[in-house]
Amino acid sequence: MPSKRFDVIIIGSGIVGLSSAYHIKNNNPDVRIAVVDMAPTFAQGNTGKSAAGFRDLFSSEVNFKLSHSSIEFYKHIQEDLKFDLGMKFIGYLFLLNNSDIRLDVLETLSRKTKVKHIDSGSLSDLGYLRLKLDPENKKLLNLSDIDVGILGENCGIIEPELVAEFYYQELVKMGVEFFFNTKVEQYKLEPVNPLDYPGEPFLWQKTHLKSIMTNNGPMEADVFISATDVWTTGLLDSTGIDSHIRPKKRQIFQIGGPEVEKILFGWEQNEGSIMPFTILPSYGVYLRPAPKYKAFWVGSSDDYGRDYSLEVDPEAERSFYENSVSQILQAYFPSFSNSKLTGMWAGYYAYNTIDGTPYIFKDLNIIVATGTSGSGILKGDAIGRIVEGIYSNRENTTLFGGLKIKTSALSVSKREVDREEFVI
Ligand SMILES: Cc1cc2nc3c(=O)[nH]c(=O)nc-3n(C[C@H](O)[C@H](O)[C@H](O)COP(=O)(O)OP(=O)(O)OC[C@H]3O[C@@H](n4cnc5c(N)ncnc54)[C@H](O)[C@@H]3O)c2cc1C
């Protein structure tokens, strides 16, 4: 089959691939770009499985810049360009035990973004939240009481399919070509100056990725962008380049019912009276309001015992919800004992197990953007801008709204990422 030739080929049409394509094309209109995905259309990987909460409540400077600028850009799309992204600023409510609170971190955060303390009196006035847990339950389940709430106000929920749709529509208008149902096998390096000698490439030959082999034939480009999330490791392994990430299965359980609805729509502090995205003080259990479905999407950060295997089509485990998550929910929200499990699904986080922040780096002629560690939607636009910064050899990348970041800050060798205190 004849090879198709492009300037840039982006593998992966999730939020990272789409945002990268958008910023490269916007800044380099003459560049011919192809986006390739094994799925029948865009956003079918983890982008479509996300809880899609957004927050700029991060203690690390880098995470703050990535999230804050992306939120501002999405807000601009929705409010100025009038493209609905389902973005609702309902807030993020961290329910904390006094022993978890780092006052210095909160102090720094309140200087950067809108943060509100909610004292235990106001939390107990809600009527449905148990702050001091039943002692037996607390001991058995190893849970913490709630002492205070920290509400991030520049935070909320968004619909990632709509964010992806925005980028996709713009890319089609700009002439970017899409190749769906196109699966890339492993990347195979070739010599830059081939000698046509058996056994090439030799140690002393300069190598690069000249083309990728797909089920629809080979495709060639000068630069390849690997925006393949958890699948990056499998694709890169044969090149000897490390992706530095590991996959971790993450599940969402949709719960509904009349008692759930009362809580979902009973928060009188925002437009729509929708409960904020709420994080309990134990085991990273969170409740993401899904007002469209009159339900909460419940998830957790189960680390111990959750292995790093990667299945083709992961399924959510009802028993995990029933035996592990629902007890924790009911300990804090007693009326959830009447809730119903109305849906569930599973995907993966591409975990950077060292600092929980993305990796964006170039090796040979491959730009790798992965390791979003469960916050790729809320940082998606900034990640694409940094990929463009690398592509265009910029020392600094300007994010939306004017915040600047060193283009190499998220690389492996010149990494400048500080520790994050607000991990979910
Ligand atoms: C349960 C869950 C909850 C989450 N909650 C949040 C949240 O609240 N907020 C948030 O910001 N983020 C959240 N995330 C994380 C977020 O969804 C991801 O960080 C983000 O979607 C990553 O985007 P991506 O483009 O890197 O990956 P993906 O969307 O997975 O895109 C990668 C693409 O690469 C394609 N691909 C892979 N291999 C190949 C191949 N060999 N050939 C061709 N194509 C290939 C795939 O088909 C896929 O479309 C959550 C994730 C999960 C699973």
Side-chain angles (χ1 to χ4, degrees), residues 14-16 19-20 46 50-51 53-71 92 94 100-102 104-106 108-109 112-113 152 155 226-233 236 241-250 279 283-284 286 299-304 306-308 310 347-363 366-387 389-390 396-397 399 403-424:
I15 194 151
V16 170
S19 149
S20 302
N46 290 307
S50 174
F54 66 83
R55 60 173 168 133
D56 62 0
L57 209 60
F58 284 100
S59 64
S60 103
E61 195 54 32
V62 166
N63 279 333
F64 176 74
K65 283 183 181 175
L66 298 178
S67 57
H68 187 79
S69 65
S70 299
I71 293 171
Y92 250 62
F94 283 87
D100 300 330
I101 300 176
R102 289 267 316 269
D104 53 335
V105 175
L106 288 174
T108 320
L109 278 173
K112 292 197 280 196
T113 187
C155 308
S226 200
T228 42
D229 203 43
V230 277
W231 298 275
T232 309
T233 312
L236 272 184
I241 301 170
D242 193 354
S243 66
H244 302 279
I245 56 140
R246 304 203 77 188
K248 195 78 134 173
K249 183 171 169 181
R250 287 287 178 249
I279 301 99
Y283 308 103
Y286 65 79
S300 78
S301 328
D302 51 323
D303 282 333
Y304 294 116
R306 177 67 61 194
D307 68 21
Y308 288 107
L310 178 61
Y348 287 97
Y349 281 12
Y351 254 118
N352 168 343
T353 54
I354 304 285
D355 60 32
T357 305
Y359 281 119
I360 316 175
F361 62 94
K362 186 175 181 187
D363 206 337
I366 309 168
I367 299 174
V368 178
T370 186
T372 48
S373 308
S375 50
I377 307 298
L378 65 91
K379 297 174 184 164
D381 186 70
I383 294 172
R385 287 176 198 261
I386 296 172
V387 168
I390 296 180
N396 293 301
T397 296
L399 305 175
L403 283 173
K404 284 197 177 2
I405 188 164
K406 258 197 204 166
T407 307
S408 59
L410 293 144
S411 68
V412 180
S413 57
K414 296 184 180 158
R415 197 163 182 81
E416 289 179 40
V417 171
D418 35 342
R419 213 186 114 70
E420 179 53 57
E421 303 285 345
F422 273 73
V423 178
I424 302 177

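- The nearest pair of heavy atoms linking Leu236 to Ile241 is CB-O, 3.6 Å.
- With Tyr351 as the aromatic partner, Lys248 does not meet the cation-pi criteria of under 6.0 angstrom to the ring centre and within 45 degrees of the ring axis.
- Shortest non-hydrogen contact noted between Tyr286 and Ile279 is CB-CG1, 4.1 Å.
- Panel note: side chain Ser375, backbone Leu378; no donor-acceptor pair is recorded below 3.5 Å.
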Open item on the list: Test side chain to side chain contact (heavy atoms under 4.5 Å, CB included) on Leu57 and Phe94; report intermediate values, then the result.
Closed with: CA-CA 10 Å; Leu57 209 60; Phe94 283 87; 3.5 Å; yes
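- Of all heavy-atom pairs spanning Ile15 and Gly376, the tightest one is CG2-O, 3.6 Å.
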Task: Step-by-step side chain to side chain contact (heavy atoms under 4.5 Å, CB included) determination, Asp363 to Val368 - done: CA-CA 8 Å; Asp363 206 337; Val368 178; 6.0 Å; no
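- With rounding to the nearest 0.5 angstrom, the NZ atom of Lys379 is 7.5 Å from the CZ atom of Arg55.
- Two residues are said to be in side-chain contact when any heavy atoms from C-beta on lie closer than 4.5 Å; Leu66 and Phe58 fail this criterion.
- Asp242 places a side-chain N or O within donor-acceptor distance of the main-chain N or O of His244, the cut-off being under 3.5 Å.
- Separation of atoms CG (Asp381) and OG (Ser20) is listed at 9.5 Å; rounding is to 0.5 Å.
- Of the possible donor and acceptor atoms, one in the side chain of Asn46 sits under 3.5 Å from a partner among the backbone N and O of Tyr348.
- The side-chain heavy atoms of Ile245 and Tyr359, taken from C-beta on, include a pair separated by under 4.5 Å.
- The backbone N or O of Thr357 lies less than 3.5 Å from a partner atom in the side chain of Asn352, making a donor-acceptor pair.
- Distance alone, capped at 3.5 Å, is enough to place a donor-acceptor pair between the Ser19 side chain and the Gly380 backbone.
- In this structure, Asp418 contributes its side chain and Glu61 its backbone to a donor-acceptor pair below 3.5 Å.
- None of Thr233, Thr232, Thr370 except one satisfies the side-chain hydrogen bond (donor to acceptor under 3.5 Å, both in side chains) rule with Ser243; the exception is Thr233.
- Leu410 and Ile386 get closest at one heavy-atom pair: CD1-CD1, 3.5 Å.
- Shortest non-hydrogen contact noted between Tyr92 and Phe54 is CE1-O, 3.2 Å.
- Residue pairs meeting the salt bridge (Lys or Arg N to Asp or Glu O under 4.0 Å) criterion with at least one member in residues 347-360, sequence neighbours excluded, are Asp355-Arg415.
- Atoms CD1 and OG1, on Ile71 and Thr113 in that order, are 7.5 Å from each other to the nearest 0.5 Å.
- At least one side-chain heavy atom of Ile383 sits less than 4.5 Å from a side-chain heavy atom of Ile360.
- Remark: Ile377 CD1 to Ser50 OG distance equals 4.5 Å, nearest 0.5 Å.
- The minimum heavy-atom distance linking Lys406 with Glu416 is given by the pair NZ-OE2, 2.9 Å.
- The SG atom of Cys155 lies 10.5 Å from the NE2 atom of His68; values are rounded to the nearest 0.5 Å.
- Within a 6.0 Å radius of NZ in Lys362, more than 12 heavy atoms belonging to other residues, nucleotides or ligands are found.
- A salt bridge links Asp302 with Arg250: the closest approach of a Lys/Arg side-chain nitrogen to an acidic carboxylate oxygen falls below 4.0 angstrom.
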